[in-house]
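Letters A, B, ... mirror the listed sequences (proteins, then strands); counts begin at 1. All values derive from a computational prediction rather than experimental measurement.
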Amino acid sequence: MSWETVIGLEVHVQVNTNTKAFCGCSTSFGAEPNTQTCPVCLGMPGQLPVLNMEVARKTALTGLAINATINLESKFDRKNYFYPDLPKGYQISQFSIPIVEHGYLDIPVADGEKRIGVTRIHIEEDAGKSMHEGLEGVSHIDLNRSGVPLMEIVSEPDMRSADEAVAYLKQLHQLVRFLDVSGADMEKGQFRCDANVSVRRPGEPFGTRAELKNLNSFRFIKQAIEYEVARQIELIEDGGSVVQETRLYDSTKGESRSMRGKEEAHDYRYFPDPDLPPLRISQQEVDGIKAGMPELPGQLRARFESEFGLSSYDADVLSQTRELAGWYEALVAAHPADPKRCANWMANELLGRLKEQGSDIVDSPVSPQQLAGLLDRIADNTISGKIAKDVLDAMMQGEGDADTVIEARGLKQVTDTGSIDAIILQVMAANPEHVEGFRSGKDKLFGFFVGQVMKASKGQASPGLVNERLKELLKG
Amino acid sequence: MDIDVHKVAMLSRIRLTDKEAAHLGPQLGNILGYIEQLSEVDTTGVKPTAHPHDVAMPQRVDAVSNANRRDTLQKPAPNTESGLYVVPKVIE
């Protein structure tokens with residue numbers, strides 16, 4: 001009899017605001033330790049938190065994007081625990097009434113789509129950072145991150161495999177970036193995932209779950225879940241049982257270990273934070289936030305297919321990020337004659353070259369208008385598609401726009417019959433035996449002549465015209 | 001009302017001797033027992049009170065208003081090094 005995996009995910013997403021959740025300290029990354037702190041985020045007595053309105057707005061926007069209910073009145077609670085990176089001794093969070101509840105996300109699976117429920121999204125503050133490595137008997141604490149706003153996005157236990165969990169996370173990651181509510185940079189800890197994993201026989205109630213912490217890349221998430229599922233199945237089949245506990249995944253060893261001992265401390269004694277009145281948001285404000293909702297990846301993909309006639313593959317590539325989609329639309333605006341040519345050149349040529357350089361569309365040395373200038377020259381037969389690739393290389397190197405490169409390198413396509421005939425006659429004169437061969441029926445030699453003529457013209461002869469004139473002149 | 005004084009003390013990081021615990025236990029129990037009377041009130045249909053004052057949350061515009069005051073703010077700290085707070089080792 002087989003086992004079924006059950007996974008629920010809790011994702012902490014850093015909201016990309018200028019200031020912290022409850023004070024006016026900067027959230028910028030990489031500052032000198034403890035230079036972005038104040039009495040509020042240091043937990044000094046008598047200080048009062050004041051909510052950053054941008055945090056509420058962006059959390060509500062995220063809720064609307066997953067078709068969730070926005071609670072017009074939500075409240076803040078204190079989650080109490082002791083740790084030196086939490087100076088107040090409690091984290092401000094939302095426990096009993098979060099701002100967002102009951103949403104869902106549709107994720108791509110092998111046979112179509114699957115709907116994953118999102119239980120809630122609540123606002124909370126991040127803790128500081130502790131460092132232990134290389135230190136004897138002490139730890140170092142940087143509180144720049146203390147009070148940075150987070151959205152905790154909690155899913156229903158709706159996923160049935162590590163692949164579904166990864167698909168959900170990727171979808172969520174793309175969504176928060178599209179909404180511009182988070183930078184979601186996993187390396188900077190702006191998108192962190194904990195997974196609740198259990199196994200059961202199909203149809204039976206949920207098994208006991210273990211919580212996996214510290215999952216900071218899509219690859220590790222998959223590995224950690226698969227490791228945990230195998231561990232639980234083996235445990236049960238050997239007659240044991242799963243203990244409810246928190247486990248820390250070690251990506252270098254590829255295994256997880258129990259964090260038992262910390263468990264006893266997990267008695268958070270939540271209670272309403274007396275420093276913070278309820279968060280009220282009017283239906284009018286919610287409607288306003290909804291009206292400002294950008295086009296989401298799925299809608300964009302569908303529009304690229306219908307409006308520009310793109311293949312689903314190209315539409316998917318170009319709607320991956322807001323930046324890519326914006327770049328493509330700017331390109332089409334500058335070269336409206338052929339949106340498909342735009343897509344081909346952007347997806348295959350430009351993105352390919354950027355990938356080789358290890359850079360991103362936002363850092364592209366060629367602007368949409370400049371790429372459009374190159375496509376114009378293909379469209380009006382000034383250069384062939386093949387030559388255009390060389391021109392693009394030169395443009396990427398900063399040699400100027402398409403016309404400048406074509407002019408400077410003398411790449412203009414040769415389109416006058418006289419010049420092409422002259423080249424063809426030269427090639428024929430240099431290869432009399434092949435002319436003889438072709439005329440006696442070796443048709444395959446035609447390709448040889450095309451190659452030689454193109455080579456002699458340094459690729460600048462118009463291929464269509466070369467074919468046409470060769471047929472004529474080789475007849476003899 | 002019976003409460004586990006040692007557990008509460010551990011959660012609050014307060015060290016208690018058995019004598020202190022024996023003394024405090026009944027006191028805390030009495031306080032909670034007194035408050036427990038509230039549960040006798042029928043609150044069917046009453047909206048939970050999130051805050052004693054009927055006010056909405058004031059909201060702040062998202063603009064940086066705090067400058068770096070690390071030197072001043074770290075003065076009360078028992079120990080710092082290179083701008084970091086130094087605390088007794090915490091092991092994960």
> Checking B:Ser82 against chain A: side chain, backbone, both or neither under 4.5 Å from a heavy atom?
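Answer is backbone: N, CA, C or O of B:Ser82 sit under 4.5 Å from chain A.
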> Non-hydrogen atoms of chain B under 4.5 Å away: do they reach the side chain of A:Phe22, the backbone, both or neither?
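For A:Phe22, the contact with chain B is made by the backbone alone.
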> Taking the side chain as every heavy atom from C-beta outward, state whether B:Gln59 and A:Leu279 have any atom pair closer than 4.5 Å.
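Heavy-atom side-chain distance check passes, below 4.5 Å.
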> What part of A:Leu143 lies closer than 4.5 angstrom to a heavy atom of chain B: side chain, backbone, both or neither?
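Contact with chain B: side chain only.
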> Can you tell which part of A:Pro84 gets under 4.5 Å to a heavy atom of chain B, answering side chain, backbone, both or neither?
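Interface part for A:Pro84: side chain.
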> Determine the option with the most heavy-atom pairs under 4.5 angstrom with chain B, choosing from A:Cys38, A:Gly137, A:Ser26.
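Between A:Cys38, A:Gly137, A:Ser26, the count favours A:Gly137.
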> Answer yes or no: is there a donor N or O on one side and an acceptor on the other, between the side chain of A:Asn18 and the main chain of B:Ala63, under 3.5 Å?
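Judged by distance alone, no pair lies under 3.5 Å.
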> Is a side-chain N or O of B:Arg69 found less than 3.5 angstrom from the main chain of A:Thr35, in a donor-acceptor match?
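Not at all, since once roles are kept as given, no pair shorter than 3.5 Å links the two residues.
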> Mark yes when over 12 heavy atoms from residues, nucleotides or ligands other than A:Glu32 sit less than 6.0 Å from its CD; otherwise mark no.
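Open: at most 12 neighbouring heavy atoms sit under 6.0 Å from CD of A:Glu32.
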> Taking A:His132 for its side chain and B:Val90 for its backbone only, find out whether a donor-acceptor pair lies under 3.5 Å.
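Between the backbone of B:Val90 and the side chain of A:His132 there is a qualifying donor-acceptor contact (under 3.5 Å).
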> What is the distance from atom CE of A:Met44 to atom CG of B:Leu73, rounded to the nearest 0.5 Å?
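Those atoms lie 5.0 Å apart.
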> Just so I understand: if I count every heavy-atom pair under 4.5 Å between each of A:Lys75, A:Glu54, A:His140 and chain B, which residue has the most?
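The residue among A:Lys75, A:Glu54, A:His140 with the greatest pair count is A:His140.
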> From B:Thr80 OG1 over to A:Ile141 CD1, what is the distance, rounded to the nearest 0.5 angstrom?
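Going from the OG1 atom of B:Thr80 to the CD1 atom of A:Ile141 covers 13.0 Å.
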> Are more than 12 heavy atoms, taken from residues, nucleotides or ligands other than A:Lys79, located less than 6.0 Å from that residue's NZ atom?
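Atom NZ in A:Lys79 is packed in, count exceeds 12.
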> Is it the case that over 12 heavy atoms from other parts of the model lie below 6.0 angstrom from the CD atom of A:Gln284?
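Not buried by this count: 12 neighbours or fewer within 6.0 Å.
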> So how far is it from B:Leu11 CG to A:Phe82 CZ, rounded to the nearest 0.5 Å?
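CZ of A:Phe82 is found 9.0 Å from CG of B:Leu11.
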> May I ask you to say whether B:Arg70 pairs ionically with A:Asp142, meaning some side-chain N is under 4.0 Å from a carboxylate O?
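No, B:Arg70 and A:Asp142 are not salt-bridged.
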> Could you tell me which of A:Asp273, A:Val55, A:Val50 has the largest number of non-hydrogen atom pairs under 4.5 Å with chain B?
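The answer is A:Val50.
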> Please determine whether side-chain hydrogen bond (donor to acceptor under 3.5 Å, both in side chains) holds for the pair B:Asp62 and A:Thr19, giving the CA-CA distance in whole Å, both sets of side-chain angles, and the decisive distance to 0.1 Å.
CA-CA 6 Å; B:Asp62 184 29; A:Thr19 62; 2.6 Å; yes
> Please give me the minimum heavy-atom distance between A:Arg280 and B:Asp54, naming the atom from each residue.
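Closest heavy-atom pair between A:Arg280 and B:Asp54: NH2-OD1, 2.8 Å.
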> State, to 0.1 Å, how close B:Met57 and A:Pro277 come at their nearest heavy-atom pair, and which atoms those are.
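The pair with the smallest heavy-atom distance is CE-O, 3.2 Å.
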> Specify which of A:Leu42, A:Thr37, A:Thr27 makes the most heavy-atom pairs with chain B at under 4.5 Å.
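The residue among A:Leu42, A:Thr37, A:Thr27 with the greatest pair count is A:Leu42.
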> Counting only non-hydrogen atoms closer than 4.5 Å, does A:Pro272 touch chain B with its backbone (N, CA, C, O), its side chain (CB onward), both, or neither?
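Interface part for A:Pro272: side chain.
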> How far apart are the closest heavy atoms of A:Gly24 and B:Arg60, and which atoms are they?
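In this case the closest contact between A:Gly24 and B:Arg60 is CA-NH1, 3.7 Å.
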> Tell me, side chain or backbone of A:Glu73 under 4.5 Å from chain B's heavy atoms, or both, or neither?
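Side chain of A:Glu73 only, per the 4.5 Å heavy-atom cut-off to chain B.
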> Measuring from B:Leu84:CG to A:Ser130:OG, what's the distance to the nearest 0.5 Å?
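Those atoms lie 11.0 Å apart.
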> A:Gln36 versus B:Asn66: any side-chain heavy-atom pair under 4.5 Å?
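A:Gln36 vs B:Asn66: side chains apart.
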> With a 6.0 Å cut-off (strictly less than), is the heavy-atom count around NE2 of B:His23, excluding the residue itself, greater than 12?
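For B:His23, atom NE2 is not crowded (no more than 12 foreign heavy atoms under 6.0 Å).
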> Using a cut-off of under 4.5 Å on heavy-atom pairs, state which of B:Pro52, B:Pro76, B:Ser12 scores highest against chain A.
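Top count of heavy-atom pairs under 4.5 Å with chain A: B:Ser12.
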